[in-house]
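Position 1 is the first residue of the sequence, and the numbers go up from there.
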Amino acid sequence: MAAIEELSPAAGPVSTRPPADEIDDDEDEDMDETLMERLWGLTEMFPDTVRSAAEVSAQCSVSMIKKFYSFSRSALWVGTTSFMILVLPVVFETERLQLEQQQLQQQRQILLGPNTGMSGGVPGMMPPVPGKM
């Protein structure tokens, strides 16, 4: 009967707060616990099958990321070296040919006059007479 009287509304408010010495101990225990310990403690609320499935999926993800990283490094190396061996010589050769063309054009302009380079006349032929057509 004493337990019922303690819980009755006439008994007044019930103190739910633990004594001060217990509060300090709980705070000290919380401070000593690391984040990893807390997370490890949370794993206990899941069944073993869920934990093992999560572990397998995490290991598979890490393995796939490592393989993808290795493949991307190899692909980048092959692509870069192939570009340098196959494409760059062609680019350099076309630049050289364009430079030679420009030099020939400048030589024609110097030898035959400034209008010869633009008109595209054949060297060695007489230029057209301005008044007769």
Side-chain angles (χ1 to χ4, degrees):
M1 267 306 203
I4 294 175
E5 290 176 0
E6 289 176 7
L7 297 177
S8 70
V14 177
S15 175
T16 57
R17 187 176 172 107
D21 59 343
E22 290 180 21
I23 293 174
D24 292 336
D25 291 339
D26 289 341
E27 288 177 5
D28 290 339
E29 288 175 13
D30 288 341
M31 295 284 192
D32 293 338
E33 188 177 33
T34 64
L35 179 64
M36 282 303 296
E37 291 172 346
R38 286 185 181 198
L39 291 175
W40 188 257
L42 286 175
T43 60
E44 294 175 356
M45 62 188 273
F46 296 107
D48 286 334
T49 56
V50 173
R51 283 187 273 176
S52 63
E55 182 180 359
V56 167
S57 65
Q59 287 176 352
C60 182
S61 297
V62 168
S63 173
M64 293 300 287
I65 288 171
K66 285 181 180 180
K67 287 180 183 179
F68 178 74
Y69 177 69
S70 174
F71 173 76
S72 64
R73 283 180 44 190
S74 299
L76 183 64
W77 174 254
V78 168
T80 303
T81 54
S82 297
F83 177 79
M84 291 174 73
I85 292 171
L86 299 174
V87 176
L88 282 181
V90 174
V91 170
F92 291 148
E93 190 64 24
T94 55
E95 286 290 323
R96 189 181 63 83
L97 288 175
Q98 286 178 354
L99 183 63
E100 285 180 9
Q101 292 283 336
Q102 287 177 353
Q103 287 176 349
L104 286 173
Q105 191 73 14
Q106 286 176 352
Q107 285 178 355
R108 277 193 210 139
Q109 285 180 351
I110 290 172
L111 291 175
L112 302 173
N115 292 335
T116 307
M118 290 184 202
S119 66
V122 178
M125 293 188 67
M126 295 285 292
V129 179
K132 296 183 178 178
M133 279 222 158

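- Every side chain to side chain contact (heavy atoms under 4.5 Å, CB included) that L35 has, sequence neighbours left out, goes to L39.
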With side-chain contact (heavy atoms from CB on, under 4.5 Å) as the criterion, how do Q107 and I110 come out once you've worked through the C-alpha distance, each side chain's angles and the decisive distance to 0.1 Å? CA-CA 5 Å; Q107 285 178 355; I110 290 172; 5.8 Å; no
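- Counting only distance, with no hydrogens or angles, the side chain of S57 and the backbone of A54 share a donor-acceptor pair below 3.5 Å.
- The main-chain N or O of Q59 is never found under 3.5 Å from a side-chain atom of S63 such that the two would form a donor-acceptor pair.
- Not counting sequence neighbours, the partners of E37 by the side chain to side chain contact (heavy atoms under 4.5 Å, CB included) test are E33, T34.
- Residue L104 holds its CG atom at 10.0 Å from CG of L99, rounded to the nearest 0.5 Å.
- Sorted by first and then second residue, the pairs that involve residues 39-52 and meet side-chain hydrogen bond (donor to acceptor under 3.5 Å, both in side chains), not counting sequence neighbours, are D48-R51.
- Of the candidates L86, L88, V87, L88 is the only one forming a side chain to side chain contact (heavy atoms under 4.5 Å, CB included) with M84.
- By the side chain to side chain contact (heavy atoms under 4.5 Å, CB included) test, S74 pairs with no residue at all, sequence neighbours left out.
- Listed by first then second residue, pairs satisfying salt bridge (Lys or Arg N to Asp or Glu O under 4.0 Å) with a partner in residues 92-101 read E93-R96, R96-E100, not counting sequence neighbours.
- In terms of hydrophobic clustering, with Ile, Leu, Val, Met, Phe, Trp and Tyr side chains grouped at heavy-atom distances under 4.5 Å, L76 and F68 are assigned to different clusters.
- Taking the side chain to side chain contact (heavy atoms under 4.5 Å, CB included) definition, one finds that M64 meets it with C60, sequence neighbours left out.
- Applying the salt bridge (Lys or Arg N to Asp or Glu O under 4.0 Å) rule to pairs touching residues 59-86 yields nothing, sequence neighbours excluded.
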